[in-house]
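A short worksheet on the structure shown next.
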Amino acid sequence: MNKSVLPLCMSLWLVACGGGGGGSDSSSNVTDRAEETALQKALRTGDATYVSDPNAFIEHSQQLVNDHKTRFNRIKAAINGSTGALAWDPSHDTALLTPTYGFNDSILMTNRAMQAGYSDQEMTLGVAGEYGKGGKYAVLGSNPYRTSLRFPGSANDAMEQWLRNLIAWLVGRAPEQGMNVAIAQMQQSYYFPDEQATRQWLSAQFGTGVVYNLANDCDGDELLGCVESNPDLLVISQHLRDGDSLERVKAAIQRAKHLEIPVLYLHLDGNMTELGNEVFSLFNVGYAGDNYWRKLGVDAWNPQSIYDQTPDFIEDQITLLQRLKNNSFTVDLSLCDDKSCPDESNMSSEFYAAANSMRSQLMNLDRRKIDLFNSAGYEYEKSLVLLADLYRQEVSFPMDKNATDSLVFLRSYFSDYVQYHSRTINPAQQDMGNFSRSHFGTDVARVSKLLQMQSKRNFRSAGVYALPGETFSVTRQDNNPVTTKIVVNSLRSGATHEFSKNGYTRPKFLTSAQYEVKPGETISLTSAYGGPIHVHFDANDIDVELQFEQVAEHPIWRSSADNQKFAQQLNDNLFDWAELMTPGFEVHSKRDKMLKSISSWSTPADMAAATERYVHNFPHVLAGFQGPGIDKVDDIYLYAQNQGWQVANIDIVKHMNADQANCGYGCSGNPYDAYWEFNPLGHGDLHELGHGLEKSRFRFAGWEGHSTTNYYSYYSKSRYFQDTGIDSGCQSLDFKSQYETLQYSRTQADPNAYMAQLNQTSWSWGARMFIQMMMASEHQGVIENGWHLLGRLHLIEREFNRIKQSESTWLAERNIIGFDSYSYADANSISNNDWLLIALSVVSNRDMREYLDMWGFNFSDQAKSLVQSKGLVSMPLTYFAASNTGYCRDEFANRPIAIDGTSVWPL
């Protein structure tokens, strides 16, 4: 090669350029497969059953770690030579890196902050590795040739020698003997004169023996031709010129890997470009961040200090594996409770630290849809996955932390943490406890299913089932702009209470990672557990078309057309899970619970209609939202328009898992989960939904959390009574005793002080008080339906938060919500009591000072003065009599009683 344009890539190579990334690892490279050991067969095929003793995988993992250390000691020694006390200021225009264990390792570390006021940190600045039979690569977080040109003296002599050694190691000989270099994708600018600097440094160090192409002659479409000329070294960065094809540059680098051409990557700036991301992915290098904020460099650093090093997380993992092999745990499971363990149990130090790092390590690969057993490398990860596969087949539920042998318990627990779905062999767990059966025979059809759906955040059920141990595939056939991800199950890991008495009744992590499927892409997954398949989206109302292969159809209700089939499938008892889907809410239920759910309704369609009306519509009406399936009631929607307030839009699907609860007997979230069967009018269901709608700002000082949760349940039940005349059973609230307490306070010298010292903060007290304010507002005629006072309170709370996002917005718009005299600082420091006094006065159009004083609350003079300045009519000191549950029926705001110290309870 000479200093002229390198040969162009021939067009027929454009397809071939994409190769070089697949294949199997070293365990497959056996000349005669008949001579393979059982371990080698397992690692090549991904079938753990070739191995009878799980300890074989543990011993293999230990050997891999030792081999990795030996191999990289050799690499580091070749690069370091006799150098010591390296110094290099790479400048703030630098990327900090992370190596990927098993593929590469750190060869250069920062150890000093180069500017005063910043902290010294050890982070990776250089990574090196080998691939194939002789390929080598190195990645540096900056271009040392650039920094030497711009800042003479930024690297000392030892660092210059280290850089010469690095190139000698890459090319396998002394560069002075002659070297053809292809230089590509370098920027040439004032701050980044990389084209010029790289060539000047190579010529200065190695003289006329080094030849290279002219600037830009190996960029873009020309790079593949340069690679095909088989240079001794490819030096590349992440700069793409206008018109350069990312795909063609990537293909050329892949071709260089296939040809095992040594590669030196020199990072441009501190951020990542599209090309940089592709290069890092191709060479298994991670990006740890921009050095702009850290100012790190190398100062008198000893390169010998990184010999014989194994990452701490790998050391922890190997120690855990050794304990699993030798039963050398000192954990005390009896100290654990529910799903957590105290430090003194030793679970954190001996199990969780390593198991969590394994789980994170494998999920990062799994999400990227890397089929480990059809990919080069990943030997260590393969060994972990196959070990878990063998352990998983020995599991027998239930287990008890005290009665079950601790090693049996922990091996099962290990298999929960170490899962992998992006592969074709993933045997079904033979015992899945109370989650599901493991075997689905010929009575269950394996089907192809074209799913045409409209995207909704956060996810929707696909209506198909992944069978355990059986590979299914998904092909995305649309080309629309919405990120679409496939997930098996939606169960929270906390719903497994493994440390309760006989509580380890199922696998811990039943929900898979999220796997993106892009337009035109086909992905294949295999779950050891199986379960309903769900589709996650990042945007709404976009058409998506998914073709599923080798799935099953469990009981699914989508419309009234499914009534008979749904009931029949439930009775057939071929699946343990069933799903009911409405536009705004989905129920994912164990089969036995779904049977109980629908038994209370004439048809599943009736239950679905009730779900949409009383679970989706009315709670969101009361929370002051608008959106699909949500009524626009005048008390809230028209009121907001008249006030000039925004009405927030909500357009997400909410979910319930009728199965086991993450906490208590039912636990909020989306999905919320519970031990009970779903009921669209059940207080528990509406209560958990309410947790997702309530606002802590609605609680007066000291009030407990549940004091603002239940109104959404009460409102739906009251609307059901209005619709049907049927009492669905509201919670019992003792209005009589509360009234009598207020009455007695009026006989005291200081009624407010008397009420305050009672310190009534329970959820029941708060619920009754808010209901009384709602009744009072309706009785005053300021609102048609008193329940809607809460909707107005939600409106003003959102407006308050929106307006105080900046001081300028606050000063310009605070008057529309009635906080005219409050400064921006005041708004950000306001107490709940003061906020509620002002907000309730605004949304009820009544002066609430005396009314709230009656309940024993105290407010600042500033808040009271603001309310007084509005000149509102005072809210009367009136209470409304109702039976304990009648407030949800026909006893709402229709029996006023004076709070005067003398009147008696009329019921």
Side-chain angles (χ1 to χ4, degrees), residues 20-23 25-26 61 64-80 94-110 122-142 144 162-163 165-172 233-238 253-254 256-258 260-267 272 276-289 298 303 305-315 317 357 360-362 364-365 368 370 372 375-384:
D25 65 5
S26 58
S61 298
L64 286 171
V65 171
N66 291 332
D67 290 349
H68 185 276
K69 186 185 298 182
T70 300
R71 180 158 63 105
F72 281 93
N73 277 347
R74 171 180 54 79
I75 291 171
K76 293 168 189 176
I79 296 170
N80 296 337
T94 298
L96 300 167
L97 316 174
T98 54
T100 299
Y101 189 77
F103 286 90
N104 45 52
D105 205 351
S106 300
I107 55 170
L108 184 64
M109 305 287 293
T110 67
E122 288 190 349
M123 300 194 74
T124 297
L125 195 53
V127 169
E130 298 173 319
Y131 55 87
K133 295 180 179 179
K136 301 174 184 178
Y137 63 92
V139 176
L140 298 183
S142 183
W162 187 91
L163 291 168
N165 295 346
L166 176 62
I167 291 182
W169 170 74
L170 284 166
V171 299
L233 178 67
L234 171 61
V235 182
I236 194 164
S237 188
Q238 65 165 349
I253 300 170
Q254 288 176 316
K257 282 190 67 177
H258 181 75
E260 297 186 356
I261 295 169
V263 176
L264 173 61
Y265 174 89
L266 305 172
H267 197 74
M272 296 296 296
N277 285 324
E278 294 290 354
V279 174
F280 277 35
S281 177
L282 287 170
F283 291 102
N284 297 288
V285 175
Y287 175 68
V298 182
S305 65
I306 56 173
Y307 289 172
D308 292 318
Q309 286 197 343
T310 299
D312 290 343
F313 74 94
I314 295 293
E315 294 278 14
Q317 292 177 12
S357 70
S360 175
Q361 188 176 341
L362 289 167
N364 286 336
L365 296 172
R368 291 162 56 193
I370 295 173
L372 295 180
S375 300
Y378 303 108
E379 190 91 350
Y380 179 76
E381 288 82 0
K382 292 173 186 176
S383 191
L384 295 179

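The structure presented is a predicted model; accordingly, all values stated were derived computationally and were not measured.
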Taking atom types as modelled, is there a side-chain donor on N165 or N80 under 3.5 Å from an acceptor on the other? no
Could you check I261, I167, V263 and say which one makes a side-chain contact (heavy atoms from CB on, under 4.5 Å) with L233? I167
Can a donor-acceptor pair be found, under 3.5 Å and without considering hydrogens, that links the side chain of T110 to the backbone of M123? yes
Closest non-hydrogen atoms of A128 and F72, given as atom of the first, atom of the second and distance, are O-CE2, 3.2 Å
Heavy-atom closest pair, residues S142 and T94: CB-OG1, 3.5 Å
D312 CG to S357 OG distance, which is reported to the nearest 0.5 Å: 10.5 Å
Roughly how far, to the nearest 0.5 Å, is the CD atom of Q254 from the CD atom of E278? 8.0 Å
Measure the CG-OG distance between N66 and S61 for me, rounded to the nearest 0.5 Å. 11.0 Å
Could you check whether any side-chain N or O of E381 sits under 3.5 Å from a backbone N or O of G377, counting only pairs where one atom can act as donor and the other as acceptor? no
Side chains of Y137 and V279: does their closest heavy-atom pair fall under 4.5 Å? no
Minimum heavy-atom separation for Y287 and M272, please, with both atom names. CD1-SD, 3.4 Å
Do I107 and P99 have side chains that approach each other closer than 4.5 Å (heavy atoms only, starting at C-beta)? no
Contact between K76 and D105 at the side-chain level, heavy atoms closer than 4.5 Å - yes or no? yes
Under the side-chain contact (heavy atoms from CB on, under 4.5 Å) criterion, do N104 and F283 qualify, and how do the steps go? CA-CA 9 Å; N104 45 52; F283 291 102; 5.6 Å; no
Heavy-atom closest pair (L170 atom, P262 atom, distance to 0.1 Å) is O-CG, 3.1 Å
Where is the tightest heavy-atom contact between S375 and I370, given as atom of each residue plus distance? OG-CG2, 3.8 Å
Would the distance check show the side chain of E122 and the main-chain N or O of M109 forming a donor-acceptor pair, the cut-off being under 3.5 Å? no
Here's a test for you: under ring-ring contact (aromatic ring centres under 6.0 Å, His included), which of Y131, Y380, Y378 qualifies with F103? Y378
4.5 Å side-chain heavy-atom contact, V285 and Y265: no
Residue pair K69 / D308, side-chain heavy-atom distance below 4.5 Å: yes
Candidate pair Q317 and L384, rule side-chain contact (heavy atoms from CB on, under 4.5 Å), full reasoning: CA-CA 10 Å; Q317 292 177 12; L384 295 179; 4.1 Å; yes
Kindly give the heavy-atom pair with the smallest separation between G132 and E260, and that separation in Å. CA-OE2, 3.3 Å
Atom pair CD1/CG of I306 and N73 - distance to nearest 0.5 Å: 9.5 Å
Scan L163, V139, L166 and name whichever one has a side-chain contact (heavy atoms from CB on, under 4.5 Å) with L264. L166
Is there a donor-acceptor pair closer than 3.5 Å between any side-chain N or O of S237 and the backbone N or O of L266? yes
Measure the CD1-CG distance between I79 and L108 for me, rounded to the nearest 0.5 Å. 9.5 Å
Would you give the length of the straight line joining atom CD of Q361 to atom CZ of F313, rounded to the nearest 0.5 angstrom? 5.0 Å
Side-chain contact, heavy-atom cut-off 4.5 Å: H267 with L97? no
